[in-house]
Amino acid sequence: MLARTAASLYWLGRYVERAEFTARLIEATMRLDLLSARPAGTGAWESALAVAAAEDGFWLTGSTIEPEAVTAYLALDGANPNSIRSCLDAARSNAKSVRTALTREAWEAINRAWLGLRDRRAAGGAAATLALAERLRAEARGFEGALHRMLRNEASAFVRLGAAVERADNTARLIDVKYHLLLPESEQVGGPIDRDQWTTILHTVSAVTAYRWLYRDGLKPGLVVDLLVLRAEMPRSIAASSEEIVALLGALGRRLGRQGEADRMARLRHATIGRATVNGIIAGGLHEFLQAFIAENSRLDAAIAHQFRFLA
Amino acid sequence: METRAAFDEVWGHSSGTAARAEFETLARWIAETPAAELHRRQHAAEAAFRQLGITFAVYGEDEAAERIIPFDIVPRIFSASEWRKLERGLEQRVTAINAFLADMYGPRHILRDGVIPADLLLANPQLRPQVAGVRPPHGVYAHICGIDMVRVGADEFYVLEDNARTPSGVSYMLENREAMIRLCPELFELFAVEPVDHYTDLLLSTLQSVTPRAGTEPVCVLLTPGHFNSAFYEHSFLADAMGIELVEAADLEVDDDIVWMRTIQGRVRVDVIYRRIDDEFIDPLLFRPDSMLGVPGLMAAYLAGNVTLANAPGTGIADDKAIYSYMPEIVKYYTGSDAMLPNVQTFRCREPEALRYTLDRLETLVVKLVDGSGGYGMLVGPTASAAEIERFRAALVAEPHRYIAQPTLALSTVPTLTEAGIAPRHVDFRPFCLTGAQGVKIVPGGLTRVALREGSLVVNSSQGGGTKDSLILSDSPRRRQAPVGALRYAG
């Protein structure tokens, strides 16, 4: 496979995952704002911007923090490199340049999502935004479905590798920001706002039901951290993403007959997470743990690019 | 030209009273399928094309302005005997084109024998002196030719233009057929139609046959300028269907006159490049130094005989519009027989008498730049404004050698679905001819382009033309299979 093709596939996976995550983030923030026991207000939208690393960019638009403006920036603003629109543009552009490596179904899913957003100018009210987020999640599911029907060859491995690396990053950022930004000083841990916010996190990663199945217990921050960091059966957890990265790199290595630095890093990281406990993580500082993970993930990304000669 | 109505492929000259014998079935199908139903199917086809991204980019507009080429649901049909004649003529023509190229970049007998004025060739901007004396592997220059044909009567086909550089449109031939089979399956029960879907297999075996390295499995790639190119869809479609890599210049590197592509496992040696980049852009070291599309050193590898380029650099000399007018002589010179497919009568404005003739009759002629394409730089006399005619008159007087003129042909029409129902629209036809080490192969079909505006003769997609499927009927009509039970008791 051409190195350029592999790079485009990998980034296709990352961008689709990022677009879907941003749609989920908007949807969950809206829920938090509208449905929680007390209106969550600007705090919720501020933290959504923080999770998406979009605070500075939003500030430059000169808008004030309110649902429609933040939603528009996160979803539709072409000037925001991580908006859903920008992600879909980049995903489609990558997909288009490597169409020969994708199935028709996979390409159509991307193209359809892109066409669906192409003429959208305003986010609209809450109902329209929720409908938009729901549709984007459906398109992402369609893409994932198409991906799983592709040959289990290098092409599908690179797309899934990109998605897994992106997912690990998103989940870590989500826990980090929500944990530290959302809980006001005056609030009791376990109070209604705290509970709403933890529910929001679970909503963002579609894990509300999973939590109940696994813990049969009221919401406890430690258990949410356990679920999203350490439980490998939870598809968006850090443990599951790390495991998937090891597996995909292993599959690529077997097909290509060689392994490299990225494999070593991924395996080492996976082993570390396997040994970790919730109590240990919280004692050492959750924020520090997550920041270290995010930095490590970015080094892994660079190692993958180097190992597969993404850069000419 | 206005003395008689244009020839209609279905109705002949009878203007709708009785279909030509071979086409009664099609006429009945058109008559019996309600226009609303045809519209519905046509929209379904176009929606599918949009969804598949079968688009062409319009230069100067942003990506959102990608367009699909309009598709017409009413097919054009050739009878088996019509096609046989065309096929023989095409084979003769592309054989002559390759012989001409071999001669021009070799001994140049044709100039010595005075068949064509030497200055026309030697001063031609399409001549690539850099490849003189280089015989490409197996002696093939123009591996893929698209020959543009028009028809004016029952047995009157003319070649309008030869395309021997990087002709496009074959993906539409294949996608249009797919759409027709899905949306109008009954047509394929009414007619026994020759298949076209093995085109990509033939293209791949053609490319493999001209590998410069015997004894190894040839590595073939398709070189594209990238996904901003208007024909990118076709490039990716063809690479995909052949199962070969679609490469951009950055994916290739030349080392010691050998071409390699960069893969995730390291370098892989490349033997054959189907390039869809023009000569001027393929190698900045030999041609345009400002080009970012090309591969430095590619031409050195080619000259060293280590890689095959399809089509070979320099093939433009064979499809130049100034050379075109000599094609009948060229065909005769190299094949020894008269050209089976005639040219459209052409006036070379570089010749004083032809120039005078042209200037006297501008309002009845089509005038073309010899190096123009895509319908640009062209005067269609009968529909041009007085100002346009005067502009061309001045241009012709100033630089006559840059122009040719042709009579305005009454291009044949084919019934076409319009807002107001079925109506005749003018068409042309581009079959695709493949030449490999084992000779010429032509898939029975091609691209029919249709001028969608009433009366218009301009079929280019960049000028608002559309496409149709082109069905070649088989000689041996498919017999419906009898039910198994009936066979058992038949005898």
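The chains referred to below are lettered A, B, ... by the order of the sequence lines, with proteins before strands, and numbering in each begins at 1.
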Exercise for the section: Would you kindly say whether Ser83(A) and Ser86(A) are connected by a side-chain donor-acceptor distance under 3.5 Å? Expected result: yes
Problem - Members of residues 263-271 of chain B whose heavy atoms come closer than 4.5 Å to chain A - result: Thr263(B), Ile264(B), Gln265(B), Gly266(B)
Practice task
For Asp251(B) and Arg262(B), indicate whether the former's side chain and the latter's backbone hold a donor-acceptor pair under 3.5 Å.
Solution key: no
Problem - Separation of Leu136(A) CG from Glu27(A) CD (nearest 0.5 Å) - result: 10.0 Å
Exercise for the section: Determine which residues belonging to residues 149-160 of chain A lie within contact range of chain B, meaning some heavy atom pair is under 4.5 Å apart, and list them by number or answer 'none'. Expected result: Glu154(A), Phe158(A)
Practice task
With a 4.5 angstrom heavy-atom cut-off, could you sort out which part of Glu248(B) is near chain A: side chain, backbone, both or neither?
Solution key: both
Fill in the blank from the handout: Sorted by chain and residue number, the side-chain hydrogen bond (donor to acceptor under 3.5 Å, both in side chains) partners of Glu245(B) (sequence neighbours excluded) come out as none
Completion exercise
Those residues at least two apart in sequence (or on a different chain) that pass side chain to side chain contact (heavy atoms under 4.5 Å, CB included) with Arg14(A) are Tyr10(A), Trp11(A), Arg18(A), Val165(A), Glu166(A), Asp301(A)
Practice task
Check whether any side-chain N or O of Arg135(A) sits under 3.5 Å from a backbone N or O of Gly116(A) as a donor-acceptor pair, and report yes or no.
Solution key: yes
Problem - For chain B, the option from Leu256(A), Thr5(A), Leu115(A) that forms the most heavy-atom pairs under 4.5 Å - result: Leu256(A)
Practice task
Applying side-chain hydrogen bond (donor to acceptor under 3.5 Å, both in side chains), run through Asp89(A) and Trp114(A) and close with a yes or a no.
Solution key: CA-CA 7 Å; Asp89(A) 278 352; Trp114(A) 179 82; 2.8 Å; yes
Handout entry: Side-chain heavy atoms of Phe281(B) within contact of Pro225(B), under 4.5 Å
Key = no
Practice task
Answer yes or no: is there a donor N or O on one side and an acceptor on the other, between the side chain of Arg85(A) and the main chain of Leu117(A), under 3.5 Å?
Solution key: yes
Practice task
Considering only NZ, NE, NH1 and NH2 on the basic side and carboxylate oxygens on the acidic side, decide whether Arg182(B) and Glu175(B) come within less than 4.0 Å.
Solution key: no
